[in-house]
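In what follows, chains are A, B, ... by sequence order, proteins preceding strands, each numbered from 1. The shown structure was predicted, so the numbers you read here are calculated from the model rather than taken from an experiment.
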2 protein chains.
Amino acid sequence: MSRRKATAGSDAETRALAELRHLVLAAQREGNRWLADELRPAGLTPSQAEILSVLAEQGELTLAEVGRLIVCETGSPSRVVDLLVKRNLVRREPGTVDRRVVHLSLTAQGRDLMETVTKAEHALNMAMLQALSAQERNTLATLLRRVLVGTGSGEAISKRYGLG
Amino acid sequence: MSRRKATAGSDAETRALAELRHLVLAAQREGNRWLADELRPAGLTPSQAEILSVLAEQGELTLAEVGRLIVCETGSPSRVVDLLVKRNLVRREPGTVDRRVVHLSLTAQGRDLMETVTKAEHALNMAMLQALSAQERNTLATLLRRVLVGTGSGEAISKRYGLG
DNA sequence: GCAGTGTCGGTGACACGACATCAATGATGA
DNA sequence: TCATCATTGATGTCGTGTCACCGACACTGC
């Protein structure tokens, strides 16, 4: 047929693309639910665990830096951090040299929780390990990376995992 | 090392799995933002468009049926539908034979909007068409389907697209 | 110094997503 | 028939994601 590079597409093609969109959506939702289940006993949500994770990895960060590292949230994650501060898991101290910024770091209590967080992520990892071989996981990652080229989230991920 | 099949995994492996989780998350977020941008002029959100889509595809459905077909939302999407009814895009009539159920269908106004919805989905499709070849898209779909085996979302998708 | 520009963090508004609970109704079986 | 159980849909609550907006502050060039 006279199908060209990036034009409309047949009905079947549209359908396949819609399925693909839904598959991505579904994978995210299922993963999030799984993670939420694992984290619930610790009183944490996936988003909160994300924040704790980057702080555990990178040490002290400003709010904007955290916002750029985590995939979630376009703006700055002020409110999620608020909850963590209230629960004494994260310390927030105003910057002295640049007085706009806020420096975030884990408290001792927050560091203690990291073990639980790691264990929860492990549960999700197991599911993926069982479903896909190492090579398939690599293929999946490569394709998704390709889809995300040129997006902010893509940048965030390659900054966090790339060339690592 | 005495590393076995589906046990803990090395540090590098854990890192790779975390990246994979984030890639899925990022793909979903970026897609959703893209779709939201396209739908905003029409005053629709991606979730709302989802509901309109299934109703356009399948005709009249009950709330529970819609809930099972769409990937989103674990319970029943009462509230999203509420908004659509208020905006006169969806008709909601109580069931007569089973008086618990509620029958949903598109209004003429809702059907008119479908063109816009289709066009918005198209925009997202284009992005995927440009990033991946047909074969790569197929691979991606296959792998994601595998990850979703045994999950509710997986069921929903194969019910909607499977054996089609 | 100073005006214009951009960045940082916070907040209000709105809609979702997930969970728990509830009343109404239907289905089942003693 | 009647008690029990399951399903449907609605609702309250909480946290999140997104956008728009704001004030505070830093930086740049003049």
Side-chain angles (χ1 to χ4, degrees), chain A residues 25-26 28-51 61-68 70-87 89-90 92-104 152-153 156, chain B residues 25-26 28-51 61-68 70-87 90 92-104 151-153 156:
Chain A
L25 176 57
Q28 191 274 324
R29 291 279 162 81
E30 290 293 340
N32 210 51
R33 280 198 275 266
W34 198 312
L35 209 49
D37 283 348
E38 299 291 328
L39 289 168
R40 205 182 321 280
L44 285 177
T45 66
S47 302
Q48 292 167 6
E50 252 299 273
I51 308 270
L61 293 172
T62 69
L63 189 54
E65 286 168 338
V66 170
R68 278 185 293 265
I70 63 179
V71 178
C72 347
E73 204 130 349
T74 39
S76 44
S78 323
R79 271 172 287 225
V80 189
V81 169
D82 262 2
L83 292 179
L84 295 173
V85 170
K86 266 185 203 122
R87 294 180 46 194
L89 301 174
V90 165
R92 171 167 48 190
E93 5 190 22
T96 52
V97 323
D98 184 339
R99 285 193 328 212
R100 288 171 305 178
V101 308
V102 166
H103 296 285
L104 303 175
S153 305
Chain B
L25 176 58
Q28 190 273 326
R29 291 278 162 81
E30 290 293 340
N32 211 52
R33 279 197 275 267
W34 199 312
L35 208 49
D37 282 347
E38 298 291 329
L39 289 167
R40 204 182 323 279
L44 284 176
T45 66
S47 301
Q48 292 166 7
E50 252 297 276
I51 308 267
L61 292 172
T62 70
L63 189 54
E65 286 168 339
V66 170
R68 279 184 292 265
I70 64 180
V71 178
C72 348
E73 202 127 348
T74 38
S76 45
S78 323
R79 271 173 287 225
V80 188
V81 169
D82 262 2
L83 292 179
L84 296 173
V85 170
K86 266 185 203 124
R87 293 180 45 196
V90 165
R92 171 166 48 189
E93 6 191 21
T96 52
V97 324
D98 184 339
R99 287 194 327 215
R100 289 170 304 178
V101 309
V102 166
H103 296 284
L104 304 175
T151 69
S153 306

*Of A:Val66, A:Leu83, A:Val85, the residue whose pairing with A:Val90 passes side chain to side chain contact (heavy atoms under 4.5 Å, CB included)*: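 One option only clears the test, and that one is A:Val85.
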*Tell me which of A:Glu65 and B:Thr96 sits closer to the 5' end of DNA chain C, going by the nucleotide each one is nearest to.*
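Going by which nucleotide is closer to the 5' end, it is A:Glu65.
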*Tell me which of B:Thr45 and A:Ala64 sits closer to the 5' end of DNA chain C, going by the nucleotide each one is nearest to.*
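Nearer the 5' end of the strand: A:Ala64.
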*asked:* Short of 4.0 Å, heavy atom to strand atom, which residues of residues 76-87 of chain B count as contacting DNA chain D?
replied: B:Ser76, B:Ser78, B:Arg79
Separation of [N] [atom2] from [X] [atom1] (nearest whole Å):
{"X": "B:Arg33", "N": "C:dC16", "atom1": "CZ", "atom2": "C1'", "value": "15 Å"}
{"X": "B:Leu39", "N": "D:dG17", "atom1": "CG", "atom2": "C1'", "value": "16 Å"}
{"X": "A:Leu35", "N": "D:dG15", "atom1": "CG", "atom2": "P", "value": "17 Å"}
{"X": "A:Ile51", "N": "D:dG15", "atom1": "CD1", "atom2": "P", "value": "15 Å"}
{"X": "B:Asp98", "N": "D:dA6", "atom1": "CG", "atom2": "C1'", "value": "12 Å"}
{"X": "B:Glu50", "N": "C:dA15", "atom1": "CD", "atom2": "P", "value": "18 Å"}
{"X": "B:Ile70", "N": "D:dG9", "atom1": "CD1", "atom2": "P", "value": "12 Å"}
{"X": "B:Arg100", "N": "C:dA27", "atom1": "CZ", "atom2": "C1'", "value": "8 Å"}

*Passes salt bridge (Lys or Arg N to Asp or Glu O under 4.0 Å), B:Arg33 versus B:Glu30? Steps please.*
CA-CA 5 Å; B:Arg33 279 197 275 267; B:Glu30 290 293 340; 3.3 Å; yes
_To check you understand the geometry: which heavy-atom pair defines the closest contact between A:Val80 and A:Ile51, and what is its length?_
CG1-CG1, 4.2 Å
*asked:* I need the minimum non-hydrogen distance between A:Gly67 and A:Pro77, along with the two atoms involved.
replied: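 Taking every non-hydrogen atom into account, CA-CD, 3.8 Å.
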*Base, sugar-phosphate alone, or nothing: which one does B:Val66 contact when heavy atoms must sit under 4.0 Å apart?*
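Here B:Val66 touches no strand at all.
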*Does D:dG17 have OP1 or OP2 sitting under 4.0 Å from an N or O in the side chain of A:Ser47?*
yes
_Any A:Gln28 side-chain nitrogen or oxygen under 4.0 Å from OP1 or OP2 of C:dG17_ =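 Negative; the distance criterion is not met.
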*Can you figure out which of C:dC19, C:dC16, D:dG15 approaches the side chain of A:Arg40 most closely?*
C:dC19
_Taking the minimum atom-to-atom distance to the side chain of A:Arg29, which one of D:dG15, C:dA18, D:dT18 wins?_
C:dA18
*Take A:Pro46 and B:Arg68, find for each the nucleotide of DNA chain D with the closest heavy atom, and name the residue whose nucleotide sits nearer the 5' end.*
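Upstream on the strand: B:Arg68.
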*Say whether, by atom type as modelled, one donor and one acceptor occur between the side chain of B:Arg87 and the main chain of B:Gly43 under 3.5 angstrom.*
yes
*Going through the checks in order, is the side-chain contact (heavy atoms from CB on, under 4.5 Å) test met by B:Asn32 and A:Leu25?*
CA-CA 9 Å; B:Asn32 211 52; A:Leu25 176 57; 5.7 Å; no
*Answer yes when B:Asp82 and B:Arg79 have at least one side-chain N-carboxylate O distance shorter than 4.0 Å, and no when they do not.*
no
*asked:* Would the base of C:dT25 count as contacting B:Arg99 through its side chain, where contact means a donor and an acceptor less than 3.5 Å apart?
replied: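 Per atom types, no contact qualifies.
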